[in-house]
Structures are given as C-alpha cells and as structure tokens.
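Working notes, beginning with the structure itself.
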Amino acid sequence: MTEERVQLHPQQNHPVLFALTPHPLARSLGQQLPAQPGQLDSRRFPDGESYLRVESDVSGRPCIILADLSRPDDKYLPMVYLAATLRELGATSVGLVAPYLCYMRQDFRFMPGEAVTSRIFAGQLSREMDWLITVDPHLHRYQTLDEIYTIPTRVLHATSLLTAWLAAREQLLLIGPDQESHQWVSDVATQSGHPFVIGTKLRRGDRDVQVTLPDLRPYQDRTAVIIDDVIASGETLLKTVDALQAQGLGTIDCAAIHGIFADSSDQRLLDKGVRQLMTTNSIPYTGPQLDLTALLLAPIREFVAR
C-alpha cells in the first residue's frame, strides 16, 4: 500500500516519515515537522507473509515510523521489517512514534505460566528502534517505561487536550470508573475546575466487570463525563453508565485518550445512552477526535536532532 504524498520541498536534512497503515497524524506531522513522506510498497503474499519495499531514498537521513499499534499482532512484523530495511539502506536512525503503545496491561504474572507480555514486547522493540515516543501508556505496576525499555523514551500526556475540551463547559461531574483512572481524572478535574468522583471496579474476567459509584445525589443537575485512558471492550464504561443511570444521572458523555472500540463498543455505548464519545487521534476513528500533533512535534524534533 502506497502512502498518500504530502507536497513538501524535500531537503536532505529533513527526516523521512513512514506509516505502514493510514494514520490520522501522518499528514499534519509531515507538514509541521517538516518531514518528507516515506514511500512504501507493502502487501501480503498469498501465504500470508509480508512483502515490503522502501521506495524513498533514506541514506544519511533520520527516519520516523508512525505506528497505529492497536490490534498489534498483524502490524508488528511488518514494522520490524521496515525498521531493519531502513537501517540496511543507510538511515542514520529509526525512531518510533506510537501514540498508543500496546502490550502494557499484562505487567505481572497473575497465574503460573503466564507470559508477562509487556516486558517481552518492550525488550524486543528496544532492539529494533533507537527511540520511542508515546502518549499516556497504561502504566500501572510500572512507574516509568524505563523499567522495561532500554532505549530513550518520552511519555507525553494528553490531559491538557481533555482539559481544554471540558474547560468551557459548565455543570459537569467527572467520573473515574476505577482507581486506575484516578491519575487522569484528578488531573483533568484540577485543571478544568470540575468536581470528580472515583468508582470501585471488580473485574472477574475480560468481559465480567462490576462498577460501584459513591452517592451522587449532590450532582443530580450535572452532566456526567466518564474519563479513562483506553476504551477497548467498553465493558467498564458500560457498567459505569449503568451505575450512573441507576442513580438518576441521564446525561452522560465519555472521553478517553485512546479509543480502540473492540467489538463495536462505541456503538454499544451510544445505544446505552451515551450522548458523545471523545478520543484523541492516537488511533484511527471516524468519530470526533482531539489532535495530538502539537503535543508530538517538539519531542520528535528533539530525538531526530540527536
């Protein structure tokens, strides 16, 4: 698949920006860094193996791979092949911009024999890339990415975008479904000036979740905005909607940094009564998104200049 060309005046000192799959940030990053759009020919052989050809001249140039790492298993090997090929063709460096960073949830061996995939993935990716930039990774038991990644990393936070979206609105109550969401919700609440509450979640399985909220009678006249870092299966948010509606709050919005929306969970939330879903453009989505471009520019330029 050939990436859409952005009309720039290529200069030898500009980085080359590659995206193996279409990404909503590719055009804006290419124009504003600026970066020359990398041209690729990629496809699948009939047996399912990957074919990849780099059509851009990358010799003596820093290269950036912009990756959508949601549903990553089919994307990882082509990305590794691209990074290795860029090095073989003379790229001075190969960095990864992965606004959504996958394989962060399995950060502990909960049952005997389980793979701690976050650590394994980090070790492998550190061998393939020179640096990594991501946005609000799911850090739970890890304090920083440096605990598992051996390359320079930069973690950016999109709470300022959520704050700007919420700051002009009145009569809101921000809802964190569980303790893991506390860090995002409390930060956004402090900056935007809205009250917040945090729920308690009991998870029995991937799709078996119970959410309990504190007494919401003082907030009956407010719009509830559920805030989390990732919406994947949507089960936590669906149960949070149930808990809000059970206490009489009927106007509900949802906001997340990353919207994966597995199994049409976005439509399920809307069908449940959610009025609006808002995410960033870390992952391609057809709904409204907050733009991460301005957040990413400075750290990308810093790594490319090293």
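Owing to the predicted nature of the structure, the values given are computational and were not obtained by experimental measurement. Computed over heavy atoms, backbone and side chain alike; hydrogens, waters and symmetry mates excluded. The first residue in the sequence is number 1, and the count goes up from there.
- L238 and V274 fall within a single hydrophobic cluster, where Ile, Leu, Val, Met, Phe, Trp and Tyr side chains are chained together by heavy-atom contacts under 4.5 Å.
- When each of L162, V185, L173, L172 is paired with V225, the side chain to side chain contact (heavy atoms under 4.5 Å, CB included) condition holds for L172 and for no other.
- Residues S56 and F18 have side chains in contact (heavy-atom distance under 4.5 Å, counting atoms from C-beta outward).
- No side-chain heavy atom of D107 sits under 4.5 Å from any side-chain heavy atom of T117.
- Cluster annotation: I227 and L290 are assigned to the same hydrophobic cluster (Ile/Leu/Val/Met/Phe/Trp/Tyr, side-chain heavy-atom contacts under 4.5 Å, transitive).
- Partners of D215 by salt bridge (Lys or Arg N to Asp or Glu O under 4.0 Å), not counting sequence neighbours, listed by chain and number: R217.
- With sequence neighbours excluded, the residues forming a salt bridge (Lys or Arg N to Asp or Glu O under 4.0 Å) with D68 are K75, listed by chain and number.
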Checklist entry - Can you list the steps and then say if R141 with E147 is a salt bridge (charged side-chain N to carboxylate O under 4.0 Å, His left out)? => result CA-CA 10 Å; R141 291 171 181 83; E147 293 180 42; over 6 Å; no
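- Listed by chain and number, the residues in a salt bridge (Lys or Arg N to Asp or Glu O under 4.0 Å) with R275 are D253 (sequence neighbours excluded).
- Salt bridge status for R43 with E49: absent, with no side-chain N to carboxylate O gap under 4.0 Å.
- For the pair R169 and T223, the tightest heavy-atom approach, listed with the atom from each and the gap, is NH2-CG2, 4.3 Å.
- In this structure, I151 and M129 approach most closely via the heavy-atom pair CG2-O, 3.2 Å.
- There is a side-chain donor-acceptor pair under 3.5 Å between T159 and D187.
- Panel note: side chain E114, backbone M111; a donor-acceptor pair is recorded below 3.5 Å.
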Checklist entry - After noting the C-alpha distance and the side-chain angles of S59 and D57, does the key distance pass the side-chain hydrogen bond (donor to acceptor under 3.5 Å, both in side chains) rule? => result CA-CA 6 Å; S59 179; D57 181 8; 4.9 Å; no
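- In this structure, V155 and L145 have side chains that are in contact, with non-hydrogen atoms separated by less than 4.5 Å.
- Here the CG atom belonging to D266 is positioned 7.0 Å from the OG1 atom belonging to T286, to the nearest 0.5 angstrom.
- Pairing each heavy atom of W184 with each of P137, the nearest pair is CZ2-O, 4.3 Å.
- Y51 and S42 are not linked by any side-chain donor-acceptor pair at a separation below 3.5 angstrom, with hydrogens and angles left out of the test.
- Under the 4.5 Å side-chain contact rule for hydrophobic residues, L213 and I198 do not share a cluster.
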Show which side-chain atoms of residues 90-105 pair as donor or acceptor with protein atoms under 3.5 Å away, not counting sequence neighbours.
residue : atom : partner : partner atom : Å
T92     : OG1  : R61     : O            : 3.4
Y103    : OH   : D73     : OD1          : 2.5
Y103    : OH   : D73     : OD2          : 3.4
R105    : NH1  : H138    : NE2          : 3.4

Checklist entry - Can you list the steps and then say if Y76 with L125 is a side chain to side chain contact (heavy atoms under 4.5 Å, CB included)? => result CA-CA 9 Å; Y76 179 71; L125 199 62; 3.9 Å; yes
Checklist entry - Under the salt bridge (charged side-chain N to carboxylate O under 4.0 Å, His left out) criterion, do K201 and D178 qualify, and how do the steps go? => result CA-CA 5 Å; K201 180 171 69 176; D178 53 31; 2.7 Å; yes
Next on the checklist: For I133 and F303: C-alpha separation, side-chain torsions, deciding distance, then whether side chain to side chain contact (heavy atoms under 4.5 Å, CB included) applies.
Outcome noted: CA-CA 9 Å; I133 295 173; F303 273 130; 3.6 Å; yes
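- Both L295 and L17 belong to a common hydrophobic cluster when Ile, Leu, Val, Met, Phe, Trp and Tyr are linked at side-chain heavy-atom distances under 4.5 angstrom.
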Item to check | Step-by-step side chain to side chain contact (heavy atoms under 4.5 Å, CB included) determination, H258 to D136 | outcome: CA-CA 9 Å; H258 310 291; D136 286 306; 4.2 Å; yes
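- Here the closest heavy-atom approach between residue S186 and residue H182 is recorded as OG-O, 2.7 Å.
- What you find for P177 and V211 is that their closest heavy atoms are O-CG1, 3.8 Å.
- Just one of L237, T240, L269, I226 meets the side chain to side chain contact (heavy atoms under 4.5 Å, CB included) condition when paired with I252; it is I226.
- Between the OG atom in S282 and the CG atom in L25 there is a gap of 8.0 Å [rounded to 0.5 Å].
- Residues L69 and Y149 fall within the same hydrophobic cluster, defined by Ile, Leu, Val, Met, Phe, Trp and Tyr side chains chained together at heavy-atom separations under 4.5 Å.
- L29 places a side-chain heavy atom less than 4.5 Å from the side chain of I300.
- In this structure, OG1 in T21 is found 10.5 Å from CE in M79, a value given to the nearest 0.5 Å.
- Annotation: the span from T163 atom OG1 to H194 atom NE2 amounts to 9.0 Å, rounded to 0.5 Å.
- The shortest distance between side-chain heavy atoms of R44 and S50 falls below 4.5 Å.
- Of the possible polar contacts, one joining the Q106 side chain to the F108 backbone as a donor-acceptor pair under 3.5 Å is found.
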Item to check | Step-by-step side chain to side chain contact (heavy atoms under 4.5 Å, CB included) determination, R154 to W131 | outcome: CA-CA 8 Å; R154 182 69 58 84; W131 50 264; over 6 Å; no
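- Pairs of residues two or more places apart, or lying in two chains, that qualify as salt bridge (Lys or Arg N to Asp or Glu O under 4.0 Å) and include a residue from residues 86-97 are R87-D130.
- Inter-residue side-chain proximity for Q39 and P37 is flagged as met; some heavy-atom pair is nearer than 4.5 Å.
- Shortest non-hydrogen contact noted between V197 and Y219 is CG1-CE1, 4.2 Å.
- Taking CG of L292 as the reference point, atom CG of N281 lies at 5.0 Å (rounded to 0.5 Å).
- Residues satisfying the salt bridge (Lys or Arg N to Asp or Glu O under 4.0 Å) test with D242, not counting sequence neighbours, are K272.
- Summarising the local packing, OH of Y81 is surrounded by 12 or fewer heavy atoms from other residues, nucleotides or ligands at distances under 6.0 Å.
- Counting non-hydrogen atoms of other residues, nucleotides and ligands closer than 6.0 Å to CD of E170 gives a total of 12 or fewer.
- The shortest distance between side-chain heavy atoms of I64 and V16 does not fall below 4.5 Å.
- The closest side-chain heavy-atom distance from E55 to L40 is not below 4.5 Å.
- To the nearest 0.5 Å, the span separating CD1 on I257 from CD1 on I283 amounts to 11.0 Å.
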